[in-house]
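For reference, the structure is listed below as structure tokens.
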Amino acid sequence: MRTKINIYLVEYAINSLLRQKYKTLFITLVLTALIFLLSSIFFITNSIKYELQSTVDSLPEITVQKINGGRHYDIEVSVADDILAITGVKSAVARVWGYYYFENAGVNFSVVGIDEYEEQYKNSLTNVAKTLDFSASSMILGAGVKKIINENYYKEYFNFIKPDGTLKRVDIGGVFDTDTELESNDVIVMSKESVREIFDMSENKATDIVVKVANEDEIATVALKIKLLYPDSRVITKDDLKISYQNIFDYKSGIFLALFVVSLFTFFIIIYDKLSGLSSEEKREIGVLKAIGWRVDDVLKEKFYEGFIVSFFSYMSGVILALFFVYMLRAPLLQNIFTGYSQLKTSFTLPFVFDMQTLALIFFLSVPIYIAATIIPSWRSAALEADEVIR
Amino acid sequence: MMIELKNITKIYEVNKNNIVTALDNINLEIREGELVVLKGASGSGKSTILSLIAALSKPTSGEIVVETSRVSKLSDNFASDFRRDNIGFVFQKYNLIPALSVKENIILPLVPLNLHVKEIEEKLIRVLKMFHIEHKENQLVKNLSGGEQQRVAIARANVNNPKIILADEPTANLDEKLSLSFIEILKELKAEGKTIVVATHDPLFFNLEIVDRVVEIHQGVLL
């Protein structure tokens, strides 16, 4: 019985790879680079999918905006009460928010106002409401905002420039504690009163109204009723927003798909090259081994080890490098393909998403295929009569 | 009888228009412990006989029996096992792997057996001493002289202590001194009781005392 791993065969395989060190090194580097690229693409895609899913989950069921001439205007707060009267509506909250452009850093912050005694339309805001000091002019920041304003002098407070040119000082009361960075990274939360002051909004106006519906199946019906009640409004459901997000993601995924296809194409060129045959030297060696008593399966085992060593080493190196590149270095260049559309947003860190399926997919796309490409031509030679190979 | 070739014909089909009859209905018997020299010009079929005995190829017709094994009927894997256990083949061009060391080349036939390291060491030391190449153990084969390479090839052929030694044109690449040295090795092997078949056209072998028989072959036919 020869069931144990034959260490001499493994040693021979390693020797064989070392004998062709430049060829081995070249193939290992190319394979590693391809696996690195594929892994990076998958890791970024997974992380961004996770981010987008979190964002979509936190979206309001219905958002109502006032539209005039195709443009978005502030809406009357009283509209919320009218919507609340519609059957099936669980809550209607007038939101006060806007984008504040911080010229020094060249980024936009999302400034969101909340009321102390109002039901918050998002769980994350309920937590923030508990920590925010409504009696003082205070704010809670997303980690990205905190970083940027800290880098630009402001450590304990920030001066907002109001539309009339005067300053509004707001103290930093804390930082968001959340793992969904796309959602909260560029957000500043403060009292509605402060937001109105910064954006010069009157008290009876709001940016939009978010509506919660008791029964999810009734969202479309409620949206229709709102539209009928206020024909000058734009009523956006969660599904509409999901589609918009998905469209952006799909468009970006297309670019990634192109990279993915190029990687696979290059990989299969290597495979094709390997499958197209062995050198006369390699054929002769197989003939010699058979002539001195090696079986076909001994030759194939040895070739399996060769293929496994190269492909598994490349797989591990490629995946580890990709993990480092995506999650430590924040995927320079590649991440910009996805987030490039939001240059004005604060930068964010891709959340670490450990997905065994992805790792398995990359493994099966690389290791077994490469091993097969190593074994098949050797099997063709080994299956010939040893005499024929040596001659 | 150690080796029996019965009505052996071997035809090589180089291409559709070029069919070569290497052996034409030959019969040959070799007894255990015998040293037989196959004499003939290049292309006469000497190497083909060795190749058939070693089960490196199959005859087109006829039967080869070695001891009790019908080697001409063996499947590919059993033919490999047969070679490993019974045959030591010294090729004309040695067929060593140049980038491996002497030691690595010699133990190559043992690699698939997955033996204990101690057992491999014992077998290795035995042949290194027998063929006086202990001091070359770790040198790369490509750095050895022709004579030294041949000793490595013979050591590899003997590492499994086979009963049969087949040597194809063993002195073709050696000068006279080294050829005589090879004959000394043959003497030792014969003294160990091995059955030896040497295919050669080197006249040095034809009148040697240790040679039991010289079999002449011409254009695939035994004379």
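Letters A, B, ... are given to chains in the order of the sequence lines, protein chains preceding strands, and every chain is numbered from 1.
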*If you count the non-hydrogen atoms of other residues, nucleotides and ligands that lie under 6.0 Å from NZ in Lys190(B), is the total more than 12?*
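Buried by this count: over 12 neighbours within 6.0 Å.
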
Is it the case that atom NZ in Lys103(B) sees more than 12 heavy atoms from other parts of the structure closer than 6.0 Å?
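Open: at most 12 neighbouring heavy atoms sit under 6.0 Å from NZ of Lys103(B).
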
Please give me the minimum heavy-atom distance between Phe325(A) and Ser40(A), naming the atom from each residue.
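The pair with the smallest heavy-atom distance is CD2-OG, 3.7 Å.
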
query: Contact part of Leu289(A) toward chain B, heavy-atom cut-off under 4.5 Å: side chain, backbone, both or neither?
result: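 For Leu289(A), the side chain is the part near chain B, not the backbone.
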
Can you say whether [X] sits under 4.5 Å from chain A via the side chain, the backbone, both, or neither, judging by heavy atoms?
X         : result
Leu110(B) : neither
Ile87(B)  : neither
Lys58(B)  : both
Ala54(B)  : neither
Asp76(B)  : side chain

Salt-bridge criterion met for Lys6(B) and Glu63(B) (N-O under 4.0 Å):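 Glu63(B) and Lys6(B): salt-bridged.
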
For the pair Lys118(B) and Glu121(B), find out whether any cationic side-chain nitrogen is under 4.0 Å from an anionic carboxylate oxygen.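 Between Glu121(B) and Lys118(B) there is no salt bridge, as every charged N stays at least 4.0 Å from the carboxylate O atoms.
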
